[in-house]
Amino acid sequence: MTASKPGFATAVAHANIALAKYWGKQDSALNLPAVPSLSMTLSGLHTQTSVHFDSGLAADQLLINGQERQGRELQRVSKLLATVRSEWGESPFATVESQNNFPTAAGLASSASGFAALALAALAAAGLKTPLGRVSALARAASASAARSAFGGYVVLEAGASEAVPFLPGEHFPLVMLVTVLTDQRKEVPSTQAMEHTAKSSPYYPNWVGHAPRVFAQIRDALRARDFTALGPAVEHSTLAMHATLLAAEPGIVYLQPETLHVMKHVRQLRDQGMPIFFTMDAGPHVKALTLPEHAAEAERELARLPQVLRVIPSSVGPDAHVVN
Ligand code: DP6
């Protein structure tokens, strides 16, 4: 795919939620994951990013939802752009403009869709080839969960892998993820930092790394077999085991808020009443509830009426990242 004008391209990538969680690095410098993870790409949450390489600029510039960003966020973006520039053999700085259709950095996987959209837009703007495996590897070096947002459907990132691979298309087992937004506050500890702290100080971390591949295999096999009664409990176990590892760090990292626990409890109550629904949480307070399409409307109503829930974003399985010029 080529850019519509030289040096410019726009791409869209969708957020993803891990059913089997990635937490921890095999190699911090290369940003390779310590455990295998498996995600669902979300139709309802996406980032659109434009990259404009311009030889008149004195430095890279970053705008997220119209606001200029500097510091750590800009550094991570510049690092990705530097990789593209060295492959390209040209060295102009770039303006990067990114729009999310959901709250940024509140633990809603904005870095995943953000870096995947940036990787694709930057490669396309430089006129380089954009096979999605290459997009995935470039995004992974910036943020490992972003490797999975290059692809639609259900996506696997193996332990130590440099790029994610598509596992199954959404049509194989169309599920619905209900993202309950519990706060618009930015999260306290960024996941990269939290992972490093957990690996260093949590006595449970070695157990997590040893155990996660078994949970991953259960989730992979249940998805392949379209077995929701096997999938749901394994998804809940993956997130709770990850949070247990975080809680046991010194000092403990607590992403789960009182609102989080209320919604988790409500999900289990709905299940006790016969609804097939399971929860998962990432490095933030929000609860994402996984259900079957025929129960999605009722589940959404049930979650939206809780006072702890600001809003619910329903998502079916989303598509591959793509250029939109
Ligand atoms: C809890 O991909 O944000 O969302 O590679 O350091 O950027 P870095 O970490 P990041 O971690 C995401 C962790 C998670 C689980 C997951 O998405 O698998």
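These figures come from a predicted structure and were not determined experimentally. Computed from heavy atoms alone, side chains included, the values below leave out hydrogens, waters and symmetry copies. Order of listing sets the numbers, starting from 1, for every ligand and every atom in it.
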K.L.:
Checking Thr49 side chain against Ala11 main chain: does a donor-acceptor pair fall under 3.5 Å?
P.N.:
no

K.L.:
Taking 4.0 angstrom as the limit and counting only heavy atoms of Asn31, give me the atoms of ligand 1 inside it, by number and element.
P.N.:
5 (O)

K.L.:
Considering distance alone, does some N or O of Met242 sit under 3.5 Å from an N or O of ligand 1?
P.N.:
no

K.L.:
Quick one: does Ser37 get an N or O within less than 3.5 Å of an N or O on ligand 1?
P.N.:
no

K.L.:
Pick, from Arg76, Met195, Arg148, the option with the minimum heavy-atom distance to atom 11 (O) of ligand 1.
P.N.:
Met195

K.L.:
Evaluate the ring planes of Trp88 and Phe53, with Trp represented by its six-membered ring, and classify them as parallel (under 30°), tilted (30 to 60°) or perpendicular (over 60°).
P.N.:
tilted

K.L.:
Between Asn16 and ligand 1, which part of the residue brings a heavy atom under 4.0 Å of the ligand: side chain, backbone, both or neither?
P.N.:
neither

K.L.:
Can you list the ligand 1 atoms lying under 4.0 Å from a non-hydrogen atom of Lys25?
P.N.:
5 (O), 6 (O), 8 (P)

K.L.:
Within a radius of less than 6.0 Å around CD of Glu250, do more than 12 heavy atoms belonging to other residues, nucleotides or ligands occur?
P.N.:
no

K.L.:
Which of the numbered atoms in ligand 1 are below 4.0 angstrom from a heavy atom of Ala18?
P.N.:
16 (C), 17 (O), 18 (O)

K.L.:
Only heavy atoms of Ala283, strictly under 4.0 Å: list the atoms of ligand 1 that pass.
P.N.:
1 (C)

K.L.:
Checking Thr41 against Asn16: is there a side-chain donor and acceptor pair closer than 3.5 Å?
P.N.:
no

K.L.:
Relative to the ring of Phe8, is the ring of His52 parallel (under 30°), tilted (30 to 60°) or perpendicular (over 60°)?
P.N.:
perpendicular

K.L.:
Count the heavy atoms of every other residue, nucleotide or ligand shown that sit under 6.0 Å from OH of Tyr204, and state whether that count exceeds 12.
P.N.:
no

K.L.:
Is there at least one pair of N or O atoms, one from Trp23 and one from ligand 1, spaced under 3.5 Å apart?
P.N.:
no

K.L.:
Report the part of Ser191 (side chain from C-beta onward, or backbone N, CA, C, O) that has a heavy atom under 4.0 Å from ligand 1; answer both or neither where that applies.
P.N.:
side chain

K.L.:
Just which atoms of ligand 1 are under 4.0 Å from any heavy atom in Thr192?
P.N.:
6 (O), 7 (O), 8 (P)

K.L.:
Do Ser43 and Ser316 have a side chain donor and acceptor closer than 3.5 Å?
P.N.:
yes

K.L.:
Could you check, using the six-membered ring where one of them is a Trp, whether His46 and His322 have ring centers closer than 6.0 angstrom?
P.N.:
no

